[in-house]
Novice: 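Got a structure for you, written out below as structure tokens; questions coming shortly.
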Protein chains: 2
Amino acid sequence: MADKTLRDILQAHGLKSTFQRLSILEYLMTHETHPTAEMIHDDLSDISLATIYNTLDKLVDVGIIIVIDTLKDDKRHYDYYGEPHYHIINSNTNEIIDADNFDVAPLFEAARQVSGLNITGFHIEIYGVDPDQAK
Amino acid sequence: MADKTLRDILQAHGLKSTFQRLSILEYLMTHETHPTAEMIHDDLSDISLATIYNTLDKLVDVGIIIVIDTLKDDKRHYDYYGEPHYHIINSNTNEIIDADNFDVAPLFEAARQVSGLNITGFHIEIYGVDPDQAK
DNA sequence: AACTAAATTAGAATAATTCTAAAAGAGGGA
DNA sequence: TCCCTCTTTTAGAATTATTCTAATTTAGTT
């Protein structure tokens, strides 16, 4: 992961580059674990927890990452959002799978028709269970 | 709203009928406000806040209602889930619109293909802004 | 190199939600 | 109808993820 690229991403969204932001962004881009603020802080322990939260908020605001807060653990999980995608959550394990094999255009159009709004984004979570488990 | 019907709904999901559960369920069925626990407690002030939370958890567990916790206000909102539907959120006002003009079957099939899971449910939030507002 | 607005930080504060343990109630059976 | 047992309700305390504060440091520009 070239440092240059990370700086470019931040700059493209109007964010100053700092050691902390570069580290956190790289962390999110290279981990598929959908971590919480605390999990990031455990691994990047030189960065204060306040900065972890501040930075995550900023990255969410500009759309670089998104929040997943529909898990049962009462914590916010974060996900690098380079390309739009949806989430499949295994209710047996709470594992989150990224997927993009679905065209959201018809859904956007349906939402526009109902609401009259300009659609700007979406959050989709699909829940499932292991096929051999009762529920 | 016949009391009988409310009891039937609870019973069909294996929940005992209590005055508190009947009141909270009726409240959710007759309000389109997607209330928080606190909002429900404000209106049903004879019911303790602990019971509001306990009951909401139970109703979510059996699938009678669902949680919406992707708003910016850091509170959980609850929604009667008589029929499956998705949510359109106006980012200017945080208003939540219920909509069902979209067939989720293709999305379920896509998710099944990717994950191999038995799909059990979904949460969809579509975000939009008023057309005449920049963003 | 200096300047200024923005970012970082430690620690305190907040507040939504959960927990505890005691009292009340629901529903089934006799 | 009256127990009986298990579940539900409750007030208030406890928890904890997240936010706030105010002082320090830093990034990016002149």
Side-chain angles (χ1 to χ4, degrees), chain A residues 3-4 6-27 34-62 64-79 94, chain B residues 3-4 6-27 34-62 64-79 94:
Chain A
D3 182 66
K4 185 71 166 5
L6 294 170
R7 297 184 76 90
D8 289 347
I9 293 174
L10 292 176
Q11 190 170 35
H13 290 87
L15 296 181
K16 278 189 181 175
S17 285
T18 64
F19 164 77
Q20 293 85 345
R21 287 178 180 176
L22 293 168
S23 300
I24 293 168
L25 177 55
E26 178 175 34
Y27 186 92
H34 307 86
T36 63
E38 190 184 17
M39 289 163 67
I40 298 171
H41 187 242
D42 285 344
D43 285 346
L44 304 180
S45 51
D46 288 348
I47 302 175
S48 79
L49 191 53
T51 295
I52 304 274
Y53 276 107
N54 288 342
T55 300
L56 291 171
D57 284 349
K58 278 270 185 357
L59 295 177
V60 169
D61 282 347
V62 301
I64 297 178
I65 68 175
I66 63 173
V67 179
I68 306 168
D69 51 7
T70 55
L71 293 200
K72 299 263 178 55
D73 65 0
D74 294 352
K75 294 171 188 169
R76 290 183 196 149
H77 292 250
Y78 294 88
D79 188 13
N94 266 346
Chain B
D3 183 66
K4 185 69 168 3
L6 293 170
R7 298 183 76 90
D8 288 347
I9 293 174
L10 291 175
Q11 190 169 36
H13 290 87
L15 297 181
K16 276 189 181 177
S17 286
T18 65
F19 163 77
Q20 293 85 347
R21 287 178 180 175
L22 292 168
S23 300
I24 293 169
L25 177 55
E26 179 175 32
Y27 186 92
H34 306 87
T36 63
E38 191 184 17
M39 289 163 67
I40 298 171
H41 186 241
D42 285 345
D43 285 348
L44 304 180
S45 51
D46 287 348
I47 303 174
S48 79
L49 191 52
T51 296
I52 304 272
Y53 277 108
N54 287 343
T55 301
L56 291 170
D57 284 349
K58 277 271 182 4
L59 295 177
V60 168
D61 281 347
V62 301
I64 297 179
I65 68 176
I66 64 172
V67 180
I68 305 168
D69 51 7
T70 55
L71 293 201
K72 299 264 177 57
D73 66 358
D74 294 353
K75 294 170 187 169
R76 289 184 197 149
H77 292 250
Y78 295 88
D79 189 13
N94 266 347

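Each chain gets a letter, A, B and so on, in the order the sequences are listed, and its residues count up from 1.
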Novice: Expressed as a whole number of angstroms, how long is the span from A:Leu22:CG to D:dG28:C1'?
Specialist: 14 Å

Novice: Does a side-chain heavy-atom distance below 4.5 Å link A:Leu44 with A:Glu26?
Specialist: no

Novice: Can you check the A:Leu56 CG to D:dA17 C1' distance for me, whole Å?
Specialist: 13 Å

Novice: Rounded to whole angstroms, how far apart are CD on A:Glu38 and P on D:dT18?
Specialist: 9 Å

Novice: Looking at five pairs on each end of the helix from C:dA1-D:dT30 to C:dA30-D:dT1, what is the angle between the two axes, given to 10 degrees?
Specialist: 40°

Novice: Using the side-chain heavy atoms of A:Lys75, tell me which of these nucleotides is nearest: D:dT10, D:dA17, C:dT9.
Specialist: D:dA17

Novice: Let's go through A:Leu56 and A:Ile40 carefully: what are the C-alpha distance in whole Å and the side-chain angles of both, what is the deciding distance for side-chain contact (heavy atoms from CB on, under 4.5 Å) to 0.1 Å, and is it a yes or a no?
Specialist: CA-CA 10 Å; A:Leu56 291 171; A:Ile40 298 171; 4.0 Å; yes

Novice: Using side-chain contact (heavy atoms from CB on, under 4.5 Å), reason through A:Thr70 and B:Val67 one step at a time and then give a plain yes or no.
Specialist: CA-CA 8 Å; A:Thr70 55; B:Val67 180; over 6 Å; no

Novice: Does the side chain of A:Met39 come within less than 4.5 Å of A:Thr36's, by heavy atoms?
Specialist: yes

Novice: In whole angstrom, what separates B:Ile40's CD1 from C:dT17's P?
Specialist: 11 Å

Novice: When the nearest nucleotide of DNA chain C is assigned to A:Arg21 and to B:Arg76 on a heavy-atom basis, which residue is associated with the more 5' position?
Specialist: A:Arg21

Novice: A:Thr18 near the nucleic acid: base, sugar-phosphate alone, or nothing, with a heavy-atom cut-off under 4.0 Å?
Specialist: sugar-phosphate

Novice: Have a look at B:Asp73 and say if it touches a base, only the backbone sugar-phosphate, or nothing, with a 4.0 Å heavy-atom cut-off.
Specialist: nothing

Novice: Mind checking A:Asn54 for me? I need base, sugar-phosphate or nothing, with any heavy atom below 4.0 Å counting as a touch.
Specialist: base

Novice: Of A:Val60, A:Asp61, A:Val62, which meets side chain to side chain contact (heavy atoms under 4.5 Å, CB included) against A:Ile64?
Specialist: A:Val62

Novice: Under 3.5 Å, side chain of A:His41 to main-chain N/O of A:Ile47, donor-acceptor pair present?
Specialist: yes

Novice: D:dT10, OP1 or OP2 - any side-chain N/O from B:Ser48 closer than 4.0 Å?
Specialist: yes

Novice: For a quick check of understanding: with a heavy-atom distance under 4.0 Å over all strands, which category does B:Asp57 fall into, base, sugar-phosphate or nothing?
Specialist: sugar-phosphate

Novice: Round to the nearest Å and state the distance from B:Lys58 atom NZ to C:dT18 atom C1'.
Specialist: 14 Å

Novice: I'd like to check A:Arg21 versus A:Lys58 (side-chain heavy atoms, cut-off strictly below 4.5 Å). Are they in contact?
Specialist: yes

Novice: State whether B:Gln20 places a side-chain N or O below 4.0 Å from either non-bridging phosphate oxygen (OP1 or OP2) of D:dT10.
Specialist: yes

Novice: By nearest atom, which of the nucleotides C:dT8, C:dG11, D:dT10 is closest to the A:Ala50 side chain?
Specialist: C:dG11

Novice: Calculate the interatomic distance between B:Leu49 atom CG and C:dA16 atom P; express it in whole Å.
Specialist: 10 Å

Novice: Taking the nucleotide of DNA chain C with the nearest heavy atom to each, does B:Tyr53 or B:Ser17 sit closer to the 5' end?
Specialist: B:Tyr53

Novice: Using a 3.5 Å distance criterion without hydrogens, assess whether the side chain of A:His34 forms a donor-acceptor pair with backbone atoms of A:His77.
Specialist: no

Novice: For B:Leu59 and D:dT9, what is the distance between atoms CG and P respectively, to the nearest whole Å?
Specialist: 10 Å

Novice: Considering only C:dT8, D:dT18, C:dA7, which nucleotide approaches the side chain of A:Lys16 most closely?
Specialist: C:dA7

Novice: Rounded to the nearest angstrom, tell me the gap between atom CG in A:Leu15 and atom P in C:dA7.
Specialist: 7 Å

Novice: Could you check A:Thr36 against A:Gln11 and say which one's nearest nucleotide on DNA chain D is further toward the 5' end?
Specialist: A:Thr36

